[in-house]
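Residue numbering restarts at 1 for every chain, and letters A, B, ... go by the order of the sequence lines.
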Amino acid sequence: MTDLTIPNDLWDDDSEGSIASWFFSDGDDVSKGDLVAEIMNEKVTNELLAPASGVLKILVAAEQPVSKGQVIAQIAG
Amino acid sequence: MSSPDTVEKTKSSATAPRQRRLTIARALNEAIHQEMTADASVVVLGEDLAKIGGVWSTTGGLLDAFGADRVRDTPISESGFIGAAVGMAAVGLRPIVELMFVDFFGVCMNAISSLAAKQRFFSGGQVKCPMVLMTSVGGGYSDGGQHSQCLYATFGHLPGLKVVIPSNAYDAKGMLRSAIRDDDPVVFMFHKGVHGLGWLGTVPRAATHVPEEEYYVPLGKAAVAREGTDLTFVGLGLTVHHAIDAANVLQKEGVSCEVIDLRSIAPLDRDTIRASVRKTGRLIAVDDDYMSYGVSGEVIASVCEDAGIALKATPRRLCFPDIPIPFSPALEPGLLPNGERLAALAREVLSEKRT
């Protein structure tokens, strides 16, 4: 099981961001390196890539607020 | 391209086509990448397209991939660079040029209407204009009356232009690839409400599976987004989603609605509209452009002009009223079409007693 975490250096300050889009659905197979989500902070969108291959379990729905360091999904290999 | 990741990906996609969801913004970006790779005559120019990658995120990565000769930032001078694109198209290039907001058409309409649209006619077919004018349309996010219009009809009214607007990412990619290969000028409108930029909000349904491989969606052909038997909604871009929302609500009330996604207003696929209303007998056109002289009126006329269609109720329309779009967040949402308002209008149509 690998966590998909919002990196601590994705943006500078400690403001909240939000999940702009999930590019896969809960339960989809993803491959390491796939673009799985876009995270938005202050009108800037950042890409999150899959850190591992496996089945995606989404923990935070699209359009919900997120913080740096937060685990937003898990990938079961 | 021989990293283990790439090899692994190729293998898994060879066995079963994986679902790969993209936003419209990303689908358009991929379409341009692929067409620029396939054809060296495709070039891109406009404001903030090269270094920034486009304020609508449609041209990211192109400068690095294809260089400054083919991907150009321009000054804020729409009449200049759109006029230049018409000239480029006349001498054999395939320019993609962006008008950042369709609302800004006023400063460059001569290049679009008098030059691009008429080139082929005035030259007796000797000079083509294979140019794509990409432009953003639509409001709903309090950007005021000069950044929120749709203006479908303003462009659809002019002979010589093809005018298209996708409602989802699959169509967006396939239609843009078709537009780039088309020998006529194509006004390619993308609606901010389905584009998939986080800061604007979007309709999640518009981000669909988009195959990486080559495919084309023909221009000028409407799609049946949902089949039904009691009433036909005809929409385009964002309003297709309002129609699907209304259809979902009405289904619970025992009403079966068909939803037509126009995809193109010039040419307009009247056959698909007529075939649907011939089946359902009821029509509502929904359009977030101004009401008068617009797409909705044209859709309704297309049905009324066909003597073979027996109507069960008077055709109706839901549009933006004929006033400038307010900035005020208290006013704008009450004027734009939405699924709820559409469902209410549908109930009126369904309860109409014809005399």
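- For B/E227, the CD atom counts as loosely surrounded, since its 6.0 Å shell holds 12 or fewer non-hydrogen atoms of other residues, nucleotides or ligands.
- Nearest heavy atom pair, residue B/G196 against residue A/S21, reads O-OG, 4.4 Å.
- Other residues, nucleotides and ligands contribute only 12 or fewer heavy atoms inside 6.0 Å of the CG atom of A/D12.
- Here NE2 of B/H209 is found 10.5 Å from CZ of A/F24. Values are rounded to the nearest 0.5 Å.
- With a 6.0 Å radius and a threshold of 12 heavy atoms from other residues, nucleotides or ligands, A/D14 has its CG atom at or below the threshold.
- For A/E63, the part sitting under 4.5 Å from any heavy atom of chain B is the side chain, from C-beta outward, and nothing else.
- Around CD1 of B/I76, the count of heavy atoms belonging to other residues, nucleotides or ligands within 6.0 Å does not exceed 12.
- Of the two parts of A/S18, neither the backbone nor the side chain holds a non-hydrogen atom closer than 4.5 Å to a non-hydrogen atom of chain B.
- When side chains are defined from C-beta on, A/L35 counts as touching B/R26, because their heavy atoms get closer than 4.5 Å.
- To the nearest 0.5 Å, atoms CG (B/L197) and CE (A/M40) are separated by 9.5 Å.
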